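Remember, predicted model here, so these are calculated numbers, not experimental data.
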Amino acid sequence: MKKVLIIISILLLAGAGYFTYEKWVKHSNLTNWSFVPADAAVVFEAKLLEDLNVLRNFPIWSIPEQATGFKNLRQGLSFLDSINGEGGFTAIFDDAPTIASMHKVSNTEVDFLFIVELQNISQNTFANAAIGRLQESGYRFRTRNYNDFKISEISNEGKTLTFIFHKNFFLASFTPYLVEDAVRAISDSEMLSFKEKFNQLNATGTEGLLSIYVNYAKSGDLMGALITENINFPMIAGNYGLMLDSSFLQLSGFSNATEGWIGTHKEQPATFDMVEIVPENTSHFHHITSVNIGSWKTEQINYLRKKFPAVKSLQDSLKSLYDFNVDQVFDLVDNEIGVASLESPRVRDRQKLMILEVNNVQESLDFFSLLTQRIALARGDSVYTESYSDNEIRFLPIRDFPSTLLGDIADGFDQCFYISYRNYLIFSNDLQELKNLITSILNEDTWGKSIQMNDFFSRTNNAANVSLFVNIPRAWNNMLTTLKPEWEEHFKQNASSYKSIDLAAFQYSYLDGKYFTNYTFTQPMKRSASIPKTSPANDVQFVSKLTTKPYLVRTHAHRDFDIVLQDSTNVIYYLDPNQNALWTENVEEPITSDIFPIDYYKNGKLQYLFATSSKVYMIDRTGDPIPGYPKTLPKSPKIAHLNLIDYDLSRNYRLAITDVDGNVYLTDKDLKVLDGWNPRKLNRGALLPLNHSRLGRTDVMISIQVNGLINLMNRRGENMRGFPFDTKQSVSKNYFLRQSNGLGNSSLTVISEGGELTELNLEGDVIKRDQLIKTSADARFQLVPDTGNDSFIIVRNEGNSYEVLDDTGNLLFKKNYLSEGPILVQYYQFGAGKDLVIFTDKPNKALYIYDKSGNLVTGNPLNSANEVSLIYSAAKREFQVFTTWGSNLELYTFNY
């Protein structure tokens, strides 16, 4: 029998010839709490089967069921029910009061002590019969004495349960010394029980399915069995009730605190208003509020200077060097402070934001502006500012500035850029992420606009002094790095179950010397993976064969996407989200570019830019062209590529046009060619359109030629130092640009067709060159960036075999295709583990959509003869993929 089958025998062993009815009455001064050792980390108080049967009805139960013990518990209950007739065990023991205390028993293991209060003779009768059956089944029994108590052991298949019956209580554990500790708790007058040590919990009432008591000092030790870091909770103890429904779990009650970070909060909390600007890609968010920041300020300053010597040293240094008193920053703050850690496709990257709600934005900007000028003057530096959209980005030249206010929760700010937005100052350690935040706010990709997050916040406390919100799928990779190897493997093997709890909140609110506590977890109902099928409602047939993918374009008219595509007669169709044609236009040639939304008039209404081999078009949503369009360049070169460039999101657009010979023209939005680009001759054909990136205050223009030459130019078309860079090989079509705060720490990665992976910084220095493994001479490689250009995969093709590798060259999965033509590869990375690799078998018109483990998430191949467009709705938790094949436009909806 399995391990915890024996645990259920806690109720089987309830007598063994030793149990008499007299003892129910005689020794009523003892309770099951009398046996709980004071060093228990967590204690659960419940009715054994009654509460367990309730828990089974909730999806959350799938999480503890990953542990072997809980699996065996379910099997053991079924076994016990079969001993004396179906349902006999459940009927007798359904409401037996039970305590389970959790203890750390080794560097990597935890175990339980079970204490069951037996309440009637029926339970004893069942136990005697069950013991006989177990002995007949091969279980071995032995006894020993400990402090004049008779301890028994029952063994089978290398597992031993240690147990003792004392009066009307049964105690059992798979760790012998836990039973011995329980014996000492009632026999040694100098040894305190759990309730005696934490007597303040006795006055704390809880409501819910069961009660949970936490000894935070020992819980920190217990966490040490799982993770590599030391955990020191600032709370002493807590008592919480468990509440459940079909999609969430919440522990609520009161915590007693020490003088740690939670002890700095002794005022009422304020509401969570900055939720409106927390970006959707946040993995976890620390939030601090107070109706009286001035009072908290004093407590916080004293705490930091005592707890963090490095912070104290930095504060003193800033005061000495620049006459900057960090304490003054708190005087600018209104009620809220937040620190966001952002999900990154690369675990080694740590993008963070610190958000301060301020009383007066202009006063706050002036404060930091004067500080920056003072530092620049002292160092002989210049003051950095940059315009982006309607925002001015500034640089604060204080390394680790946020940690001087908040300590270790705000570390990792090697550099510090900031902007103002409404009544907030927002600081970031990554210039590009600050720009991404601006874009997220403009596109309403924030927590405040998310249906999923707002539903979650309706379950949480909207006014707490301290909150930690965690998006578990987005935080998953970083969480794994903190686990000990054996536990990391366990979590990886059961990732789908653990990640089904998608959001968590840990909140503390000051109330009359204690801290009202909420721990909230959501587990939305899991939708079964669906195999998409085409129906007439989402299958549109055209007269002629469709030759492009369905381009999804944003519009000012609604939040959904419109669709643009072209057929073999060169007719372009513009469709609304319901696939109704709004207009058509015969442009006489195939499109040679993407479709770019452009706000030509800067009035919030969008037009659409694209090119054929001879003309550039700009058409609005009604089908009318912008006056003067379509246009041609002087001397009418044959257009190979077009790109739309907006240096700083100011809508001062530039059009980058590359002809088939590699000459690059850079024009304004009316196709007037700019100086230095009339044309900029690169002599060989380009693999991709000219691209732009702003790194710090430096604009770079990137073009890669078919002969492997990498060109990096400034806005005037002049080569930058270290470029052009000659890879001396033919490279695959795409490259990956890792953007950072300057040229030296930004990098560009290419791969040759033969598999040499080259990464160089944008000062022309090679960072690394790796030759990936080739098992045959005809192996070919390609680099495939994700659609957001946040990461990339590598595809190795040998004959009919296609292998997908991660960005370090490690194999993710392998597939074989019986196809005589090209296989098109796309990579979508939506975050939170929603990454898809898409293969389109063009000759066979077959579409394969895989996760990064190589699972076909749609169940069956779909129809497609071109690249596809795909979107993901976090609110609906579903994907939509738009495909074209033959004369058909099809929309598939699926989830996994």
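- Within a 6.0 Å sphere centred on NZ of Lys669, other residues, nucleotides and ligands contribute more than 12 heavy atoms.
- If you take CD1 on Ile794 and CG on Asn734, they are separated by 12.0 Å, rounding to the nearest 0.5 Å.
- For Phe792 and Tyr827, the gap between ring centers reaches or exceeds 6.0 Å.
- Here Tyr608 and Tyr574 bring their ring centres to under 6.0 angstrom of each other.
- A distance below 6.0 Å separates the ring centres of Tyr802 and Tyr817.
- Checked for salt-bridge contact, Asp646 and Arg651 miss the test: no charged N lies under 4.0 Å from a carboxylate O.
- Contact between Lys842 and Ala865 at its shortest, heavy atoms only, is NZ-O, 2.9 Å.
- Residues Asn866 and Thr884 have side chains that bring a donor and an acceptor to within less than 3.5 angstrom of each other.
- The heavy-atom pair separating Leu818 from Asn844 by the smallest distance is O-ND2, 3.2 Å.
- No more than 12 heavy atoms of other residues, nucleotides or ligands sit less than 6.0 Å from atom NZ of Lys845.
- Taking OH from Tyr600 and CG from Asp620, the interatomic distance works out to 12.5 Å, rounded to the nearest 0.5 Å.
- The closest side-chain donor-acceptor pair between Asn711 and Ser703, if any, does not fall under 3.5 angstrom.
- Under the 3.5 Å distance criterion, the side-chain polar atoms of Asp661 are left unmatched by any main-chain donor or acceptor of Asn663.
- Judged by a 6.0 Å distance limit and a 45° cone about the ring axis, Lys549 is not positioned over the six-membered ring of Phe882.
- Surrounding CG of Leu442 are more than 12 heavy atoms belonging to other residues, nucleotides or ligands, all under 6.0 Å away.
- Between the OG atom of Ser873 and the CD atom of Gln880 there is a distance of 7.5 Å, given to the nearest 0.5 Å.
- Note: Phe879 and Phe894 meet the aromatic proximity criterion, with ring centroids under 6.0 Å apart.
- Residues Tyr665 and Trp677 place their aromatic rings such that the two centres sit no closer than 6.0 Å.
- Checking Arg621 against Thr555 by side-chain atom types alone, a donor-acceptor pair falls below 3.5 Å.
- Using a 3.5 Å distance cut-off with no hydrogens or angles, the side chains of Asn810 and Thr808 do pair a donor with an acceptor.
- Looking at Asn454 and Lys449, their side chains never bring a donor and an acceptor atom within 3.5 Å of each other.
- Between the side chains of Gln541 and Asn888, at least one donor N or O sits under 3.5 Å from an acceptor N or O.
- The side-chain contact (heavy atoms from CB on, under 4.5 Å) test with Phe830 is passed by exactly one of Asp835, Leu870, Asp786: Leu870.
- With 3.5 Å as the limit, one finds a donor-acceptor pair spanning the side chains of Gln523 and Ser500.
- To the nearest 0.5 Å, the span separating CG on Leu811 from CD on Glu803 amounts to 5.5 Å.
- For Gln566 (side chain) and Val564 (main-chain N/O), no donor-acceptor pair under 3.5 Å exists by modelled atom type.
- Atom-to-atom distance recorded for Ile438:CD1 and Glu433:CD is 11.5 Å, nearest 0.5 angstrom.
- At least one donor-acceptor pair under 3.5 Å links the side chain of Thr858 to the backbone N or O of Asn860.
- Remark: the Glu343 side chain and the Ser283 side chain contain no N/O donor-acceptor pair separated by less than 3.5 Å.
- For the pair Ile563 and Pro550, the tightest heavy-atom approach, listed with the atom from each and the gap, is CG2-CB, 4.0 Å.
- Donor-acceptor pairing under 3.5 Å is lacking for the side chains of Glu280 and Trp447.
- At distances below 3.5 Å, not a single donor-acceptor pair connects side-chain atoms of Ser864 with backbone N or O atoms of Thr840.
- Taken from NE2 in His641 to CG in Leu688, the straight-line distance is 6.5 Å, to the nearest 0.5 Å.
- The aromatic ring centroids of Tyr848 and Phe839 lie 6.0 Å or more from each other.
- Closest approach of Val673 to Pro634, counting heavy atoms only: CG2-CD, 4.5 Å.
- Under 3.5 Å, the side chains of Gln452 and Asp502 contain a donor-acceptor pair of N or O atoms.
- Within 6.0 Å of NZ in Lys638 there are 12 or fewer heavy atoms belonging to other residues, nucleotides or ligands.
- Distance alone, capped at 3.5 Å, places no donor-acceptor pair between the Asn443 side chain and the Asp445 backbone.
- With no hydrogens or angles considered, no side-chain donor-acceptor pair links Glu753 and Gln729 at under 3.5 Å.
- Judged purely by atom type and a 3.5 angstrom limit, Glu589 has no side-chain atom pairing as donor or acceptor with the backbone of Thr612.
- Side chain of Tyr647 to main chain of His692: no donor-acceptor pair is present (N/O by atom type, distance under 3.5 Å, no hydrogens or angles).
- Checked by atom type, the side-chain pair Thr787/Gln826 shows no donor-acceptor distance below 3.5 Å.
- Looking only at distances, a side-chain donor or acceptor of Asn603 sits under 3.5 Å from a matching main-chain atom of Lys605.
- Side-chain contact, Thr893 with Glu878: no donor N or O sits under 3.5 Å from an acceptor N or O.
- In this structure, Ser732 and Leu687 approach most closely via the heavy-atom pair O-CD1, 3.6 Å.
- Around the CD1 atom of Ile451, the shell of radius 6.0 Å holds no more than 12 heavy atoms that belong to other residues, nucleotides or ligands.
- The number of heavy atoms from other shown groups lying within 6.0 Å of NZ (Lys728) does not exceed 12.
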Which atom pairs, donor and acceptor, lie under 3.5 Å between side-chain atoms of residues 775-785 and protein residues at least two apart or in another chain?
from	atom 1	to	atom 2	distance (Å)
Thr775	OG1	Glu798	OE1	2.4
Thr775	OG1	Glu798	OE2	2.8
Ser776	OG	Asp778	OD1	2.6
Ser776	OG	Glu798	OE1	3.2

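- Scanning all heavy atoms of the two residues, the minimum distance from Pro473 to Lys499 falls at CG-O, 3.7 Å.
- Identified under the salt bridge (Lys or Arg N to Asp or Glu O under 4.0 Å) test for residues 703-712, with sequence neighbours left out: none.
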